[in-house]
A.B. asks: 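Below: one structure in structure tokens.
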There are 2 protein chains.
Amino acid sequence: MARNRIRLSEVAREAGVSPATVSRAISQPDLLSPETLARVRRAADHLGYRPDAAARALASGRSMTIGAVMPTLDNAIFSKALQAMQAQLAEDGYQLLVASHDYSKAAEAECIRTLLARGVDGLILVGAERIAEAAQLLAQSGLPVVMTWCAPDGAPSVLVDNEHAGLLATRHLIALGHRRIGVITGATRFNDRQRGRYRGARRALEEAGLTLPPALACEQATTLAGGRMGCAQLLDLAEPPTAIVGGIDLIAIGCMVEAQARGLAIPADLSVAGIDDLDMSAHVSPSLTTVHVPTARIGTEAARMMVAILRDEPGPTTLTLPVDLIVRRSTGPAPARG
Amino acid sequence: MARNRIRLSEVAREAGVSPATVSRAISQPDLLSPETLARVRRAADHLGYRPDAAARALASGRSMTIGAVMPTLDNAIFSKALQAMQAQLAEDGYQLLVASHDYSKAAEAECIRTLLARGVDGLILVGAERIAEAAQLLAQSGLPVVMTWCAPDGAPSVLVDNEHAGLLATRHLIALGHRRIGVITGATRFNDRQRGRYRGARRALEEAGLTLPPALACEQATTLAGGRMGCAQLLDLAEPPTAIVGGIDLIAIGCMVEAQARGLAIPADLSVAGIDDLDMSAHVSPSLTTVHVPTARIGTEAARMMVAILRDEPGPTTLTLPVDLIVRRSTGPAPARG
DNA sequence: TTTTCTTTTGAAAGCGCTTTCATACAGAGT
DNA sequence: ACTCTGTATGAAAGCGCTTTCAAAAGAAAA
């Protein structure tokens with residue numbers, strides 16, 4: 001930390017007031033008379049005063065810092081949510097401290113521990129699955145926590161209905177006449193988002209009296225390459241599916257790439273639907289039918305909710321954002337029965 | 001901040017030593033006798049002691065926090081670098097404080113100001129262009145700064161030769177016999193990476209005695225959609241190019257999508273090369289010829305360099321990482337002269 | 001044995017800010 | 001005039017840790 005910085009007491013001297021007054025000018029300006037406030041502000045500007053965050057945190061017990069625990073930053077949906085979160089928090093004077101665990105529960109616990117030690121004022125988490133140790137850390141700390149994407153009932157959270165998303169995508173394909181529908185999700189272990197989407201897909205099939213043979217469901221890395229591999233696997237079956245649902249858009253796009261590389265036409269030979277609605281999904285060819293998940297808004301709303309809780313503002317503490325089917329060009333009627 | 005936390009003094013009492021000793025057990029364990037150290041550690045573990053970061057920062061003048069100023073997180077290359085950076089820093093006991101400015105210079109200055117006030121121990125920046133105010137803030141603060149991707153001579157930095165990358169991609173196309181080569185970059189204003197790549201492309205053309213007519217160079221958003229638009233623009237020319245260089249892979253992939261959507265075969269009708277080597281670039285169809293930029297390593301090395309500087313360890317303070325041409329399937333011989 | 005280091009520990013003074021608590025002084029009410 | 005508010009400011013006590021500085025206790029040197 002720069003030790004040559006202007007201190008509050010110097011501003012106080014320059015302005016001819018006590019340190020307490022300068023402190024109030026910063027954090028509770030309405031307590032001061034307009035003249036004093038102006039004088040202090042002038043002095044502060046003149047000296048280029050910047051309060052020391054560590055000292056404020058120590059003295060006030062508030063660090064104006066929120067911790068975010070993400071699975072990874074190396075995925076557009078999370079980095080996008082993060083971006084939105086940080087923009088919103090910045091607006092309210094909070095800073096974001098980021099940690100990512102790469103889908104490891106142990107690493108997640110470590111992230112939480114580190115952020116707690118860092119003295120964050122609140123924690124925003126993605127997903128609701130965590131080991132007992134992590135859960136206990138959170139409970140002990142007594143810090144406000146906002147969960148995103150998924151959460152247990154009652155906990156403050158900004159959610160999307162992942163199951164509904166899986167349902168919408170799959171129903172759409174069923175409505176188009178598909179009967180053999182493949183489902184490629186990311187690993188469902190320690191990933192309740194993917195699990196929910198998978199459940200939704202199953203439910204849609206059950207509703208329609210269809211089944212999901214084990215061969216038609218597979219788990220892959222949540223990457224384009226994973227999508228290609230999963231698609232290859234399904235297409236190599238004796239009875240390949242006529243449609244595939246990807247647990248995330250990247251997987252779905254990988255499916256399209258693989259199918260096209262094999263000379264299949266989309267959607268004539270194979271329909272593909274995703275979930276997420278990445279920016280790029282509208283721009284691939286053919287454009288991807290998907291379920292829109294308001295990723296950035298999750299970030300914004302989680303940040304808002306966090307700040308509201310910290311300020312003791314009343315308001316809903318659980319918010320479910322809608323997901324919508326976006327029909328584009330990658331899905332079409334099932335080929336006539338062969 | 002949780003006010004119910006165990007304090008250092010309580011550990012001291014439990015261990016029957018002075019607070020100073022507990023403090024040393026944490027930060028300079030070799031100063032203590034093994035027995036004392038063990039006793040203190042046992043007491044700390046037993047009570048579940050976690051030092052308060054704000055208090056440590058205030059007392060020691062070091063926050064063990066590094067600030068990173070990124071253009072955006074909504075781009076795989078930056079989020080990937082960030083991810084690597086944070087992993088490396090975590091290993092050395094540092095935390096990352098992230099701020100992004102979305103390619104706005106004013107916002108960048110504000111980011112820097114905020115991070116400085118936050119009391120970071122050092123700053124990692126992407127790119128070297130910034131307004132005078134920001135540069136002055138940095139100079140005044142006297143904090144160690146590591147720049148990445150681009151930097152002025154002499155400043156501590158982890159670089160890639162963007163110009164060379166542009167050169168490699170373009171030379172490759174020229175070697176394949178292409179003469180009309182289009183160049184689509186991201187906005188070059190306040191983006192020295194894109195500018196460098198563009199310069200490299202020009203230089204390659206000049207080397208070969210070719211020119212880059214203004215119509216064949218365009219700037220687009222650094223997204224897949226931007227690539228599609230730029231490609232559409234170039235293909236609609238009376239004399240369209242036979243090859244296109246994208247300033248980043250996402251643009252190049254957008255070009256492929258657009259060309260394929262128009263029924264063009266790649267690389268038979270149009271060659272496309274990118275720069276970055278995203279994970280997905282190897283998996284699109286056809287796979288993308290590109291220049292590999294060691295994105296994650298930039299993050300890791302920048303973090304390492306930062307820590308080395310903070311520890312006053314000797315070592316090089318500027319590191320240039322190599323970029324390599326990766327020839328894949330999206331580029332091929334120029335079509336015979338029409 | 002005495003002196004001189006070293007090594008290990010403790011006492012105490014902050015780090016720069018916030019926040020009671022107390023005080024001073026307006027103006028309002030009687 | 002005299003209390004009763006309420007508002008604006010200051011004094012001073014920390015927040016939980018680090019870090020001199022000094023002291024105590026051995027070990028090594030003389």
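Within every chain, numbering begins at 1; the chains are lettered A, B, ... in the order of the sequence lines, protein sequences first and strands thereafter.
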A.B. asks: Between A:E10 and A:R13, is there a salt bridge with N-O shorter than 4.0 Å?
C.D. replies: no

A.B. asks: Measure from the side-chain heavy atoms of A:R7 and tell me the nearest of C:dC17, C:dT8, D:dA11.
C.D. replies: C:dC17

A.B. asks: Need one value for A:S23: base, sugar-phosphate or nothing, where a base atom within 4.0 Å counts as base even if backbone is also close, heavy atoms only.
C.D. replies: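 It contacts base atoms.
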
A.B. asks: Find the distance B:R13:CZ to C:dT9:P and express it as a whole number of Å.
C.D. replies: 20 Å

A.B. asks: B:A20 has a side chain; which of C:dA11, D:dA8, D:dG16 sits nearest to it?
C.D. replies: C:dA11

A.B. asks: For the pair B:R193 and B:E129, find out whether any cationic side-chain nitrogen is under 4.0 Å from an anionic carboxylate oxygen.
C.D. replies: no

A.B. asks: Please report the distance, rounded to the nearest Å, between CZ in B:R56 and P in C:dG16.
C.D. replies: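 Nearest whole value for this atom pair: 18 Å.
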
A.B. asks: Would you call A:E108-A:K105 a salt bridge at under 4.0 Å N-O?
C.D. replies: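 The answer is no: the pair does not qualify as a salt bridge.
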
A.B. asks: Does B:T21 put a side-chain nitrogen or oxygen below 4.0 Å from OP1 or OP2 of C:dG10?
C.D. replies: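 True: B:T21 side-chain N/O within range (under 4.0 Å) of C:dG10 OP1/OP2.
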
A.B. asks: Between A:S9 and C:dC17, does any side-chain N or O lie under 4.0 Å from OP1 or OP2?
C.D. replies: no

A.B. asks: Check whether any side-chain nitrogen or oxygen of A:R62 sits under 4.0 Å from OP1 or OP2 of C:dT19, and answer yes or no.
C.D. replies: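 Answer yes for this pair, as a side-chain N or O of A:R62 is under 4.0 Å from OP1 or OP2.
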
A.B. asks: Would you mind reading off the distance between B:L37 atom CG and C:dT8 atom P, rounded to a whole angstrom?
C.D. replies: 11 Å

A.B. asks: Nearest to the B:Q28 side chain among D:dT19, C:dG10, D:dT9, which nucleotide is it?
C.D. replies: D:dT19

A.B. asks: Rounded to whole Å, please give me the gap between CG in A:L8 and C1' in D:dC15.
C.D. replies: 15 Å

A.B. asks: When you measure from the side chain of A:A55, which nucleotide among D:dA12, D:dT18, C:dG16 comes out closest?
C.D. replies: C:dG16

A.B. asks: Rounding to an integer number of Å, can you tell me how far B:L32 CG sits from D:dA24 P?
C.D. replies: 19 Å

A.B. asks: Identify whether the distance between the nearest side-chain nitrogen and carboxylate oxygen of B:E14 and B:R42 falls below 4.0 Å.
C.D. replies: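 No, B:E14 and B:R42 are not salt-bridged.
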
A.B. asks: Is a side-chain donor-acceptor pair under 3.5 Å present for A:R118 with B:T65?
C.D. replies: yes

A.B. asks: Side chains of residues 148-157 of chain B: which donor-acceptor pairs under 3.5 Å do they make with residues two or more places apart or in other chains?
C.D. replies:
| from | atom 1 | to | atom 2 | distance (Å) |
| --- | --- | --- | --- | --- |
| B:T148 | OG1 | B:L125 | O | 2.8 |
| B:S157 | OG | B:A155 | O | 2.9 |

A.B. asks: Report the distance from atom CD1 of B:I131 to atom CD1 of B:I112, rounding to the nearest 0.5 Å.
C.D. replies: 8.0 Å

A.B. asks: For B:V22, answer base if it contacts any base atom (sugar-phosphate contacts may also be present), sugar-phosphate if it contacts only those atoms, and nothing otherwise; contact means non-hydrogen atoms under 4.0 Å.
C.D. replies: nothing

A.B. asks: Between A:T36 and D:dT9, is there a contact of a side-chain N or O with OP1 or OP2 at under 4.0 Å?
C.D. replies: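 Yes, A:T36 has a side-chain N/O under 4.0 Å of OP1/OP2 on D:dT9.
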
A.B. asks: Any donor-acceptor pair under 3.5 Å joining the side chain of B:R24 to the base of C:dG10?
C.D. replies: yes

A.B. asks: For residues 79-90 of chain A, which side-chain N or O atoms pair as donor and acceptor with protein atoms under 3.5 Å away, sequence neighbours left out?
C.D. replies:
| from | atom 1 | to | atom 2 | distance (Å) |
| --- | --- | --- | --- | --- |
| A:S79 | OG | A:N75 | O | 3.2 |
| A:S79 | OG | A:A76 | O | 3.3 |
| A:S79 | OG | B:L73 | O | 3.3 |
| A:K80 | NZ | A:D279 | OD1 | 2.9 |
| A:K80 | NZ | A:D279 | OD2 | 3.0 |
| A:Q83 | OE1 | B:S100 | OG | 2.8 |
| A:Q83 | NE2 | B:T72 | OG1 | 3.3 |
| A:Q86 | NE2 | B:S100 | OG | 3.2 |
| A:Q88 | NE2 | A:D92 | OD2 | 3.4 |

A.B. asks: Rounding to an integer number of Å, can you tell me how far B:M64 CE sits from C:dC15 C1'?
C.D. replies: 17 Å

A.B. asks: Provide, to the nearest angstrom, the distance between the CD1 atom belonging to A:I6 and the P atom belonging to C:dC15.
C.D. replies: 15 Å

A.B. asks: Would you mind telling me which of D:dC17, C:dC17, D:dT19 lies closest to the side-chain atoms of A:D52?
C.D. replies: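 In terms of side-chain proximity for A:D52, the closest of D:dC17, C:dC17, D:dT19 is C:dC17.
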
A.B. asks: With axes from five pairs an end, tell me the bend angle of the helix from C:dT1-D:dA30 to C:dT30-D:dA1, nearest 10°.
C.D. replies: 40°

A.B. asks: Measuring to OP1 and OP2 of C:dG10, would you say a side-chain N or O of B:S18 lies under 4.0 angstrom away?
C.D. replies: yes

A.B. asks: Taking atom P of C:dC17 as reference, at what distance in whole Å does atom CD1 of A:I26 sit?
C.D. replies: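 Taking CD1 of A:I26 and P of C:dC17, I get 7 Å after rounding.
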
